J.: 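Here you go, one structure.
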Amino acid sequence: MTKIKEALEILKRGCVEVISIEELENKLKLAEKESRKLVVKLGADPSAPDIHLGHVVVLRKLRQFQDLGHEVQFLIGDFTGLIGDPTGKSKTRPVLTKEEIGKNAQTYRDQIGSVLDMKRTKIVFNSDWLSKMNFQDVLMLAGKYTVARMLERDDFENRYKTHQPISISEFLYPLMQGYDSVAMKADVELGGTDQKFNLLVGRSLQREYGQVPQVILTMPLLVGLDGVEKMSKSLGNYVGISEAPKDMFGKLMSIPDNIMWNYWELLTDHDMNEIKKMKNEVEEGKLHPMTVKKDLAVEIISQFHTHEEAKGARDEFEKVFSKKENPTDMEEYAVSESELSPLDISVVLGFAPSKSEAKRLIKQGGFKVDGKPVTDPFSSVTITDGMVIKYGKRKFGKIIKK
RNA sequence: GGAGAGGUUCCCGAGUGGUCAAAGGGGGCAGACUGUAAAUCUGUUGGCGGACGCCUUCGGAGGUUCAAAUCCUCCCCUCUCCA
C-alpha cells in the first residue's frame with residue numbers, strides 16, 4: 001500500500017461520510033507533490049470554551065491529520081457567535097467583548113492541547129474577515145444561495161414544517177460559515193453529522209469564489225450521558241475534558257450500559273475486534289457490564305489525566321459507591337454550634353440550594369450522619385468533631401468542631 | 001395591511017372566574033434494589049415559615065371583581081391564510 005492509501009485508511013476510519021474520497025486523495029497527492037500542508041478547518045463556538053467528549057471525537061480526527069503532517073486551523077466563530085448556530089435553539093446572543101473572546105480563546109488553547117499538537121495548530125477568528133464586510137458584500141454573498149436550497153437543511157425544513165420561527169439571520173449563518181472556508185482557503189473541513197449542510201455550503205461558496213472545494217468529513221455525534229440526546233453542554237449530559245478524574249469517572253459510569261460500545265469505538269484506540277468480543281461476552285453473561293464500563297472510564301480518563309489518577313478515580317468510585325464508604329478526601333467545615341438540626345446543617349454546609357429542597361431530601365432519607373439516616377429535618381443532632389455528613393448521593397462533608 | 005390561532009411552572013403540554021402552586025408526560029432529585037452515578041420500581045419536584053399559613057409565578061403594563069392563568073383595555077412576540 002502506498003503512503004497515500006495508508007493515510008486514507010487512517011482518515012476514513014470512524015467517519016460517517018467523506019465528500020469525497022477521490023478529492024481527498026487528490027489533495028493528499030498534491031500536497032505531497034508540492035510539499036505543502038493541507039489546511040484542515042474546524043469551527044468552534046466562542047461562548048462555550050468547555051470542551052467535552054463529544055468534541056473529542058472530532059478533535060481526534062484532526063489529530064490524525066496533524067500526525068500526517070498537515071495543519072489544523074481552529075476557527076473561533078467570534079462573529080458567527082452573534083447569531084448562534086440554528087442547529088441549537090438559541091437565537092441572538094449577547095455580544096462578547098474582546099477581552100471575553102480572548103479569554104475564551106485561551107481556554108480553548110489550554111483544552112484542545114490535550115488532544116491536538118499545538119505546534120501544528122493555528123487559532124483564527126472569523127471576525128477578522130466577517131466584521132469587515134459591508135452590506136454590499138453581504139448581499140453578494142446572500143445572492144449566491146437560494147431559499148429553497150436553504151430549506152433543504154434538515155433543521156430548517158423541520159422548523160418550517162412545524163411552524164417554528166426561523167429568522168433571516170439564521171439563514172445567513174451557513175453562508176457565514178461557508179465564507180469562512182473561502183477566507184481560510186480550507187482544504188478540508190471537519191464537523192459532526194449535524195454540520196453536513198453547513199460544510200456543503202462551504203464547498204459551494206468556495207467554488208463560487210474560484211477555489212477548489214474543501215473536502216468534508218463528518219463524524220458521528222456522541223450520545224450524551226442520558227443515552228438519548230447528543231452530548232452537549234446545554235443539555236448537561238456531558239463530560240468536560242478538564243473535569244476532575246473522579247467526576248469523569250462517575251459520569252462515565254452513569255451512561256446506560258448499551259451505549260458504552262459506542263464510547264469504546266469513538267473515544268479509545270482500542271481494536272474494534274476486541275471491542276466486539278467484549279460486547280459478545282457481556283451479552284453472553286461471561287463479562288460483567290460494570291467491569292467493562294470501569295475499564296472504559298479508566299481508558300478515557302487516562303487521555304486527559306495520568307493513568308494513576310484514572311485508576312485512583314476508579315478506586316475511589318468503588319469505595320464510595322460499591323462499598324458505600326466515605327471518600328478519602330472530604331471537604332471540611334468548621335462549626336461552632338454544639339447542636340444543629342439536619343436542616344440547619346444542610347444549609348450551613350451549603351449543600352442545600354433551598355430549605356424546601358433540603359427538607360424534602362431529608363424526609364426521603366437522603367441525609368446521613370456517620371452513615372445513619374436522620375429523617376426529621378428538625379430533630380436535634382449533636383455536633384461532634386470529625387462527624388461525616390452525607391447529603392444526597394454525592395455530597396459529603398466532614399465537620400470540624402470549633 | 002386584512003383575517004384567524006397562540007404565548008402556562010426547567011422542557012413539552014392541559015387548564016377559560018374561586019376546589020390552581022396549576023392535570024399529564026419528559027427531565028431533575030431522593031429512596032429501594034443491583035458488586036454501576038446502568039436498568040427497574042417507588043416517592044418527590046416554586047420559595048419562606050417546624051404544622052394551620054404567607055409570598056412570588058401562567059408574554060408585558062394597566063383595569064373589573066370579595067376573588068383572575070382564566071374577564072376587559074392597550075402593548076410586545078410567534079405561527080397560518082389572504083394581499
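Just so it is clear: chains get the letters A, B, ... in the order the sequence lines come, proteins before strands, and each one is counted from 1. Quick caveat: nothing in here was measured; it's all calculated off a predicted structure.
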J.: Nearest whole Å is fine: how far is B:rU45 P from A:Leu361 CG?
T.: 13 Å

J.: Using atom C1' of each nucleotide, how far apart are B:rG17 and B:rA68 to the nearest Å?
T.: 6 Å

J.: Does A:Pro353 or A:Tyr391 map to a spot on RNA chain B nearer the 5' end, using the closest nucleotide for each?
T.: A:Tyr391

J.: So do the side chains of A:Met150 and A:Phe197 get within less than 4.5 Å of each other, counting heavy atoms only?
T.: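 Side-chain contact under 4.5 Å: yes.
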
J.: B:rG4 C1' sits how many Å from A:His163 NE2, rounded?
T.: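 Rounding to the nearest Å, NE2 of A:His163 and C1' of B:rG4 are 13 Å apart.
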
J.: What integer number of Å spans the C1' atoms of B:rC77 and B:rG28?
T.: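 That atom pair is separated by 29 Å.
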
J.: Write down the distance between CZ (A:Phe317) and P (B:rU36), rounded to a whole number of angstrom.
T.: 8 Å

J.: Could you please name the option among B:rA37, B:rA38, B:rG47 that lies closest to any side-chain atom of A:Lys293?
T.: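 The closest nucleotide is B:rA38.
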
J.: Using a heavy-atom cut-off of 4.0 Å across all strands, would you classify A:Ile255 as base, sugar-phosphate, or nothing?
T.: sugar-phosphate

J.: Establish, with yes or no, whether the OP1 or OP2 oxygen of B:rG46 is under 4.0 angstrom from a side-chain nitrogen or oxygen of A:Arg360.
T.: no

J.: Could you work out which one of B:rA37, B:rG35, B:rG43 sits closest to the side chain of A:Met290?
T.: B:rG35

J.: Can you list the steps and then say if A:Glu189 with A:Ser181 is a side-chain hydrogen bond (donor to acceptor under 3.5 Å, both in side chains)?
T.: CA-CA 8 Å; A:Glu189 180 166 8; A:Ser181 294; 3.1 Å; yes

J.: When the distance from CD of A:Glu229 to P of B:rG27 is rounded to whole Å, what number comes out?
T.: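 Going from A:Glu229 (CD) to B:rG27 (P), I get 10 Å.
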
J.: How close or far is atom C1' of B:rA38 from atom CH2 of A:Trp261, stated in whole angstroms?
T.: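 Taking atom C1' of B:rA38 as the reference, CH2 of A:Trp261 is at 12 Å.
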
J.: Between P on B:rA38 and CG on A:Asn237, what's the gap in Å once rounded to a whole number?
T.: 14 Å

J.: Contact class for A:Gly250 vs. all strands (heavy atom < 4.0 Å): base, sugar-phosphate, or nothing?
T.: base

J.: Evaluate A:Arg159 against A:Glu170 for salt bridge (charged side-chain N to carboxylate O under 4.0 Å, His left out), listing each step before the verdict.
T.: CA-CA 12 Å; A:Arg159 284 205 282 164; A:Glu170 288 181 275; 2.6 Å; yes

J.: What do the steps show when you test A:Glu23 against A:Arg203 for salt bridge (charged side-chain N to carboxylate O under 4.0 Å, His left out), and what is the final call?
T.: CA-CA 12 Å; A:Glu23 290 181 32; A:Arg203 279 169 63 87; 2.9 Å; yes

J.: What's the CG-P distance between A:Asn158 and B:rC79, to the nearest Å?
T.: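 Atom CG in A:Asn158 sits about 16 Å away from atom P in B:rC79.
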
J.: For nucleotides 49-54 of chain B, list the nitrogen or oxygen atoms of the protein found under 3.5 Å from its nitrogen or oxygen atoms, one pair per line.
T.:
from, atom 1, to, atom 2, distance (Å)
B:rG49, OP1, A:Lys355, NZ, 2.5

